[in-house]
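I have placed the structure first, in the form of structure tokens, so that the comments after it can refer back to it.
Reminder, nothing fancy here: chain letters follow the sequence lines and each chain counts from 1.
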Number of protein chains: 2
Amino acid sequence: MTSPTSPPVPDAELLRLDHQVCFSLHAASRAFGGVYRDALKDLGLTYPQYLVMLVLWEHGAQPVKAIGERLRLDSGTLSPLLKRLETAGLVRRERSTEDERSVTIHLTPEGDDLREQALPVPRRMLAATGLTLEELRTLRTLLARVTSALDES
Amino acid sequence: MTSPTSPPVPDAELLRLDHQVCFSLHAASRAFGGVYRDALKDLGLTYPQYLVMLVLWEHGAQPVKAIGERLRLDSGTLSPLLKRLETAGLVRRERSTEDERSVTIHLTPEGDDLREQALPVPRRMLAATGLTLEELRTLRTLLARVTSALDES
DNA sequence: CGCAACTCAGTTGCGCACAACTAAATAGCC
DNA sequence: GGCTATTTAGTTGTGCGCAACTGAGTTGCG
């Protein structure tokens with residue numbers, strides 16, 4: 001693909017680019033966290049808690065394992081998080097009768113109602129990014145490819 | 001830019017896109033963390049510790065505040081992190097004589113030597129992303145724009 | 001049947017991120 | 001000079017993320 005006559009990119013730039021990409025990702029992720037913190041403050045949710053609620057709002061009651069697969073999180077993260085959502089009255093845990101290893105997470109009426117309050121959040125976030133729709137799609141696609149490539153290694 | 005006759009993107013897609021972008025970012029950041037964890041295991045560094053070492057390798061001894069500005073981290077994160085680097089013998093703290101509020105972080109000889117061992121890390125990370133140089137540049141640019149836009153809000 | 005291998009949720013321990021706060025030193029202003 | 005405001009590190013408390021582990025329940029196989 002590149003010209004055979006020259007290495008168009010010196011090593012030094014490659015190394016610098018790696019740092020920039022990784023650092024940018026780290027920084028962007030934290031910057032999003034900060035804006036979500038504000039946007040979700042009124043709902044009393046953290047961003048990871050909001051992600052769990054999104055899954056439940058969209059797909060209904062589910063076992064912990066299914067939530068973990070959708071969000072790429074394990075029980076070490078989810079168990080205490082779900083316990084906090086339960087304490088907040090948004091969620092109910094119910095051990096499955098047919099497979100007693102499994103615990104199904106249900107929305108309480110309060111958890112279901114919270115959906116209404118959460119509706120304006122995504123638009124606010126989209127606006128805060130300052131990117132166009134096309135740029136957002138590009139970003140999403142690149143990130144998805146990076147993640148799946150990294151998960152391979 | 002878009003046709004005036006129709007809303008080309010329905011609300012539902014906008015909302016979904018937001019979730020996808022934020023979630024992708026979150027997931028990609030954690031996926032990078034996992035690969036870095038492996039790549040840095042031999043050095044005995046975590047990814048944030050590695051970022052601090054990069055700053056010191058590139059720019060030399062610096063006050064905590066300067067490191068924090070470069071990495072967008074505050075003393076609540078840096079103080080214990082630096083203490084761990086000090087315990088590991090990679091770094092030395094020295095309270096400035098001219099401004100005794102400030103603490104300058106120096107590399108120890110061991111910390112300086114570690115640079116050699118860290119050299120292959122970035123190339124390994126670049127390869128693991130599976131992206132082309134151009135895609136990486138696009139990604140870096142989009143992320144930087146998002147971060148600065150989000151920091152505004 | 002009986003037992004080993006596996007699955008699922010939970011716990012523990014450690015490090016990072018951040019808000020809120022403290023303590024000490026400095027800068028600025030009257 | 002003397003006072004207040006600001007700056008700089010550090011501490012405390014909470015939550016996330018992950019590795020390693022536990023324990024109960026299920027599956028599968030001889």
Side-chain angles (χ1 to χ4, degrees), chain A residues 22-23 25-38 40-41 44-52 62-69 71-88 91 93-105 147 150-151, chain B residues 22-23 25-38 40-41 44-52 62-69 71-88 91 93-105 147 150-151:
Chain A
C22 299
F23 173 70
L25 197 50
H26 197 62
S29 181
R30 286 184 290 132
F32 257 110
V35 181
Y36 266 114
R37 217 185 322 282
D38 286 349
L40 295 172
K41 200 170 39 190
L45 294 176
T46 65
Y47 175 55
Q49 289 167 8
Y50 171 68
L51 289 179
V52 169
Q62 284 182 66
V64 174
K65 170 143 172 82
I67 297 174
E69 281 167 356
L71 299 182
R72 208 178 166 281
L73 291 171
D74 69 358
S75 67
T77 300
L78 282 177
S79 288
L81 187 156
L82 290 168
K83 194 181 289 182
R84 284 185 282 271
L85 288 180
E86 188 180 36
T87 303
V91 136
R93 303 147 161 266
E94 195 173 285
R95 197 157 283 271
S96 165
T97 51
E98 53 190 35
D99 183 348
E100 295 199 359
R101 291 170 304 182
S102 177
V103 169
T104 303
I105 308 298
T147 302
L150 291 174
D151 278 343
Chain B
C22 298
F23 173 70
L25 197 51
H26 197 62
S29 181
R30 286 183 291 132
F32 257 110
V35 180
Y36 265 114
R37 217 185 322 284
D38 286 350
L40 295 172
K41 200 168 42 190
L45 294 176
T46 66
Y47 176 55
Q49 288 167 8
Y50 171 69
L51 289 179
V52 170
Q62 282 180 69
V64 173
K65 168 137 172 85
I67 297 174
E69 281 167 356
L71 299 181
R72 210 180 166 280
L73 291 171
D74 68 358
S75 69
T77 301
L78 282 176
S79 288
L81 188 157
L82 290 168
K83 195 180 288 183
R84 284 186 283 271
L85 288 179
E86 187 179 37
T87 303
V91 135
R93 302 148 164 268
E94 196 172 283
R95 196 154 285 271
S96 165
T97 50
E98 52 190 36
D99 183 347
E100 296 200 358
R101 293 170 301 182
S102 176
V103 169
T104 303
I105 308 298
T147 302
L150 291 175
D151 278 345

Whole angstrom value for the distance that separates [atom2] of [N] from [atom1] of [X]:
{"X": "B/His26", "N": "D/dC18", "atom1": "NE2", "atom2": "P", "result": "8 Å"}
{"X": "A/Leu82", "N": "C/dC8", "atom1": "CG", "atom2": "P", "result": "16 Å"}
{"X": "B/Asp99", "N": "D/dT7", "atom1": "CG", "atom2": "P", "result": "12 Å"}
{"X": "B/Asp38", "N": "D/dA19", "atom1": "CG", "atom2": "C1'", "result": "12 Å"}
{"X": "B/Lys65", "N": "C/dT26", "atom1": "NZ", "atom2": "C1'", "result": "14 Å"}
{"X": "A/Glu98", "N": "C/dC8", "atom1": "CD", "atom2": "P", "result": "13 Å"}
{"X": "B/Tyr47", "N": "C/dA17", "atom1": "OH", "atom2": "P", "result": "9 Å"}
{"X": "B/Arg95", "N": "D/dT7", "atom1": "CZ", "atom2": "P", "result": "18 Å"}

**Asked** What residues, two or more places apart in sequence or in another chain, satisfy salt bridge (Lys or Arg N to Asp or Glu O under 4.0 Å) together with B/Arg30?
**Response**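 Residues passing salt bridge (Lys or Arg N to Asp or Glu O under 4.0 Å) with B/Arg30: none at all.
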
**Asked** By salt bridge (Lys or Arg N to Asp or Glu O under 4.0 Å), which residues pair with A/Arg72, not counting sequence neighbours?
**Response** A/Asp151

**Prompt:** So, for B/Arg95 and B/Arg101, which heavy atoms are closest and what is the spacing to 0.1 Å?
**Reply:** NH1-O, 3.2 Å

**Asked** What is the minimum heavy-atom distance between B/Ala31 and A/Thr147, and which atoms define it?
**Response**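 Looking at all heavy atoms of both residues, the shortest contact is CB-CG2, 4.0 Å.
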
**Message:** Below 30° counts as parallel, above 60° as perpendicular, anything between as tilted: where do the rings of B/Tyr36 and B/Tyr50 land?
**Reply:** tilted

**Complete:** Applying the 3.5 Å cut-off to both distances, the Watson-Crick or G-U partner of C/dG10 turns out to be D/dC21

**Message:** For a quick check of understanding: with a heavy-atom distance under 4.0 Å over all strands, which category does B/Leu81 fall into, base, sugar-phosphate or nothing?
**Reply:** sugar-phosphate

**Request:** With B/Leu78 as reference, evaluate B/Ile105, B/Leu73, B/Leu85 under the side-chain contact (heavy atoms from CB on, under 4.5 Å) test and give the passing residue.
**Result:** B/Leu73

**Request:** Report yes if at least one side-chain N or O of B/Lys83 is closer than 4.0 Å to OP1 or OP2 of D/dT11; otherwise report no.
**Result:** yes

**Message:** I want to check one thing: is the phosphate of D/dT11, taken as OP1 and OP2, less than 4.0 Å away from some side-chain N or O of B/Ser79?
**Reply:**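 Negative; the distance criterion is not met.
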
**Asked** Does A/Ser29 reach the main-chain N or O of A/Leu25 with its side chain, forming a donor-acceptor pair under 3.5 Å?
**Response**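 Flag not set: sc A/Ser29 to bb A/Leu25 has no pair under 3.5 Å.
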
**Message:** Any donor-acceptor pair, under 3.5 Å, between the side chain of B/Arg101 and the base of D/dT7, if you only look at N and O atoms?
**Reply:** yes

Restricting both atoms to N or O, compile the protein contacts to nucleotides 18-20 of chain C shorter than 3.5 Å, with distance only.
unit_1	atom_1	unit_2	atom_2	d
C/dC18	OP2	A/Arg30	NH1	3.4

**Asked** Quick one: which of D/dA9, C/dA9, C/dG15 gets closest to the side chain of B/Val64?
**Response** D/dA9

